[in-house]
Amino acid sequence: MQPSNSMIPSPMAPPPQYRPQQWMPQQPQQTQYQVPPPQQPAATAGYYYQQPPQAAPTQQPQPQPQPQPQQYGVSPAAQAPADDGTRSLWIGDLQYWMDEQYIYSCFALTGEVASAKVIRNKQTGQSEGYGFIEFVSHAAAERNLMTYNGTQMPNSEQTFRLNWASMGAGEKHDDTPEYTIFVGDLAADITDYMLQETFRASYSSVKGAKVVTDKITGRTKGYGFVRFGDESEQLHAMTEMNGRYCSTRPMRVGPAANKQKVGGQTKGCQETYHIGAWS
DNA sequence: ATTGAGCGT
């Protein structure tokens, strides 16, 4: 569903430097931007990959039969984000013009990115708004996560939203209940990670946090959610953290009008109003 | 200003 009959100018037009059609193949087969292997065998760790040519013409990267990197599923019990062996980061809040090469170029300066991939709709070929970045090592991935998360994306007004890739199976076991709180009055610079760490400093059962952003502009809406594994910590946080500062502003903390995951627990489901009317 | 919805071949 799209507001097709409106003549709104695109709020964030792709900058002229990045015109996806220039290098995007017509057929959405090749979805992964694979790094060409370095000329000389990597003698030591920390070698540099060559940055792809700036204005790659209509030439598309040729897939090379490379040995698949070994990645095994993480333990289901391990909910910790930094499980060793994981070299992939999840990246969200992508705009449609942000393709593999763009994402790759964002991290190429570190010389530690191995590949970048944007998830696309199989039929339409359009970006689903997220992707994956594989790095040369877990440490490299962690370094880039810490360095870039929340910072400005090149040629964009928005900031990087990065997280550990969950690697498909394993992490979707929902027999562990979650207790979520609402956090409002967030400053504009607060990322998921900052919000999470702000609460984790006092509550060890914090599972994660998410700052809600506008899908179109990528800008924060000034509120978010923090998930707890322990109900008493959730309750404590609601009173103790209310008014506490995160970054430059005091937070407003309250109960989340949540759609809880199916788990047999209390279903406090309320009517969900479609937020489509910003008048 | 204020109650989302993100994990692939």
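At least one donor-acceptor pair under 3.5 Å links the side chain of A/H138 to the backbone N or O of A/T86. Of the possible donor and acceptor atoms, one in the side chain of A/N149 sits under 3.5 Å from a partner among the backbone N and O of A/L162.
In this structure, CD1 of A/I133 is placed 18 Å from P of B/dG6, rounded to the nearest angstrom. The nearest whole Å value for the distance from the CD atom in A/E134 to the C1' atom in B/dT9 is 12 Å. Whole-Å rounding puts the A/N149 CG to B/dG6 P distance at 17 Å. The distance from atom CD of A/E178 to atom P of B/dT3 is 21 Å, rounded to the nearest whole Å. Rounded to whole angstrom, the span from the CZ atom of A/R87 across to the P atom of B/dG8 amounts to 19 Å. With rounding to whole Å, A/I91 atom CD1 is found 16 Å from B/dG8 atom P. Atom OH in A/Y179 sits about 22 Å away from atom P in B/dG4, given to the nearest Å. The CD-P distance, from A/Q196 to B/dG4, rounds to 21 Å in whole Å.
Ring centers of A/F107 and A/Y102: at least 6.0 Å apart, outside the cut-off.
For A/T180, taking side-chain heavy atoms from C-beta onward, the closest of the listed nucleotides B/dG4, B/dG8, B/dG6 is B/dG4. When each of B/dT3, B/dC7, B/dG6 is scored by its nearest atom to the side-chain atoms of A/F132, the top-ranked nucleotide is B/dC7. Of all nucleotides listed (B/dG8, B/dC7, B/dT3), B/dT3 comes nearest to the side chain of A/A256. Relative to the side chain of A/K117, the nucleotides B/dT3, B/dC7, B/dT9 differ in distance, and B/dT9 lies closest. Considering only side-chain atoms of A/K210, the nucleotide from B/dT3, B/dG4, B/dG8 that sits closest is B/dG4.
Take the nearest nucleotide of DNA chain B for A/G184 and for A/D192: the residue whose nucleotide is more 5' is A/G184.
You cannot call A/W90 stacked on the base of B/dG6; the centres under 5.5 Å and planes under 30° rule is not satisfied. With centres under 5.5 Å and a plane angle under 30°, the ring of A/F225 is stacked against the base of B/dG4.
Using modelled atom types, one finds a donor on one side chain and an acceptor on the other under 3.5 Å when comparing A/E112 with A/N144. Side-chain polar atoms of A/Y179 and A/E233 form no donor-acceptor pair below 3.5 angstrom.
OP1 or OP2 of B/dT9 has at least one side-chain nitrogen or oxygen of A/K122 nearer than 4.0 Å.
In this structure, A/Y130 reaches the sugar-phosphate backbone alone: every heavy-atom distance under 4.0 Å involves primed, P, OP1 or OP2 atoms, never a base.
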